[in-house]
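Below is one structure, written out as structure tokens; the observations come after it.
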Amino acid sequence: MKQIQAILELGKDGYGVSFLEIPNVFAFGETVAEAKADAQKALDFYIECLHKAKRTIPEILQGEFEIVYQFDVEALLKYIDGTVTKTALARASGINPSQLSHYSVGLKKPRKPQREKIINGLHKLGRDLLSVS
């Protein structure tokens, strides 16, 4: 099955979605779930419009496909806020809590190694939680 890469970004009033392979289609929702639902609707509408206009539908949108979502760091930290504390994530990732706060409000953008530390820290927290019976 083909995969369409989508980026979830934090906006003023919710989460925006953009697609790497389809540059002119966007979606929005107040929550991540709403943004994902709107993303599917946006792609369906885009395909319908291309079909009606008798324009070529990009190959990636022909047949079945799945949308694979990635958070940008600011959106990810907002999404997990209230579930995972910055202190716990700092401990698990090795990144200073104040640095995580800068990332979460968009004051700074982390480089790739920092993003990987955040993801690895979240995975470590998840494994630690799953080990509890």
Side-chain angles (χ1 to χ4, degrees):
M1 182 179 292
K2 295 174 278 191
Q3 294 184 336
I4 296 175
Q5 302 297 313
I7 305 296
L8 277 157
E9 299 175 286
L10 189 61
K12 181 181 175 192
D13 298 318
Y15 295 89
V17 178
S18 59
F19 303 95
L20 297 179
E21 298 91 352
I22 307 152
N24 297 320
V25 178
F26 304 95
F28 179 82
E30 289 182 16
T31 66
V32 170
E34 289 175 6
K36 287 181 175 182
D38 194 51
Q40 184 64 57
K41 288 179 190 173
L43 288 177
D44 292 343
F45 183 68
Y46 180 64
I47 293 167
E48 181 183 325
C49 288
L50 289 174
H51 184 70
K52 285 181 180 178
K54 297 184 184 339
R55 298 197 54 204
T56 303
I57 296 171
E59 186 177 327
I60 197 162
L61 295 174
Q62 295 177 15
E64 291 188 29
F65 58 85
E66 87 175 297
I67 304 171
V68 177
Y69 295 93
Q70 295 179 335
F71 283 94
D72 75 349
V73 172
E74 187 179 350
L76 174 65
L77 293 174
K78 172 68 175 169
Y79 182 67
I80 65 169
D81 192 35
T83 303
V84 175
T85 65
K86 294 213 181 25
T87 303
L89 182 56
R91 224 177 285 126
S93 67
I95 299 173
N96 184 302
S98 64
Q99 189 69 26
L100 288 171
S101 292
H102 288 180
Y103 296 154
S104 70
V105 296
L107 289 176
K108 294 186 179 181
K109 297 282 183 191
R111 292 182 308 249
K112 185 176 180 178
Q114 294 294 85
R115 292 190 309 261
E116 290 173 358
K117 282 183 178 183
I118 292 168
I119 296 301
N120 290 336
L122 284 171
H123 289 179
K124 180 188 179 317
L125 288 170
R127 284 190 305 275
D128 290 349
L129 291 170
L130 287 171
S131 70
V132 176
S133 58

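All heavy atoms count here, side chains included; hydrogens, waters and symmetry mates do not.
- Considering every non-hydrogen atom in both Leu77 and Tyr103, the closest pair reads CD1-CB, 3.7 Å.
- Salt bridge absent: Glu74 and Lys78 never bring a charged side-chain N and a carboxylate O closer than 4.0 Å.
- Atom CD1 in Ile119 sits 12.5 Å away from atom CD in Gln114 (nearest 0.5 Å).
- The shortest heavy-atom contact between Val84 and Ala88 is CG1-CB, 4.4 Å.
- Considering only heavy atoms from C-beta on, Gln40 comes within 4.5 Å of Ile67 through its side chain.
- Ile95 contributes atom CD1, which lies 9.5 Å from atom CG of Asn120 (distance to the nearest 0.5 angstrom).
- Nearest approach of Leu10 to Asp72, heavy atoms of both residues: N-OD1, 3.9 Å.
- Cluster membership for Leu50 and Val25, using ILVMFWY side-chain heavy atoms within less than 4.5 angstrom, is shared.
- Atom-to-atom distance recorded for Leu125:CG and Leu130:CG is 11.0 Å, nearest 0.5 angstrom.
- Linking Ile, Leu, Val, Met, Phe, Trp and Tyr residues whenever their side-chain heavy atoms come within less than 4.5 Å places Ile57 and Phe65 in a single cluster.
- With hydrogens and angles disregarded, no donor-acceptor distance shorter than 3.5 Å links the side chain of Asp38 to the backbone of Glu34.
- For OH of Tyr69, the number of neighbouring non-hydrogen atoms (other residues, nucleotides, ligands) closer than 6.0 Å is greater than 12.
- More than 12 heavy atoms of other residues, nucleotides or ligands lie within 6.0 Å of CD in Glu66, so this atom counts as buried by the packing criterion.
- Here the CD atom belonging to Gln99 is positioned 4.5 Å from the NZ atom belonging to Lys108, to the nearest 0.5 angstrom.
- Between Thr87 and Arg91, some side-chain heavy-atom pair lies under the 4.5 Å cut-off.
- Separating the CD1 atom in Ile7 from the CG atom in Leu20 is a distance of 4.5 Å, to the nearest 0.5 Å.
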Lys36 and Leu8: CA distance, side-chain angles, deciding distance, side chain to side chain contact (heavy atoms under 4.5 Å, CB included) verdict: CA-CA 9 Å; Lys36 287 181 175 182; Leu8 277 157; 4.2 Å; yes

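- Taken from CZ in Phe71 to CZ in Arg115, the straight-line distance is 15.0 Å, to the nearest 0.5 Å.
- Nearest heavy atoms, Phe26 versus Ala42: O-CB, 3.6 Å.
- A 4.5 Å side-chain heavy-atom check between Leu122 and Leu76 finds at least one atom pair inside the cut-off.
- Lys86 is listed as a side-chain neighbour of Ser104, based on a closest heavy-atom distance under 4.5 Å.
- What you find for Val68 and Gln3 is that their closest heavy atoms are CG2-CD, 3.6 Å.
- Clustering ILVMFWY residues whenever any of their side-chain heavy atoms sit less than 4.5 angstrom apart, transitively, puts Phe28 in a cluster other than the one holding Ile4.
- Clustering ILVMFWY residues whenever any of their side-chain heavy atoms sit less than 4.5 angstrom apart, transitively, puts Phe19 in a cluster other than the one holding Phe45.
- The two residues Ala27 and Ala35 make their nearest non-hydrogen contact at CB-O, 4.0 Å.
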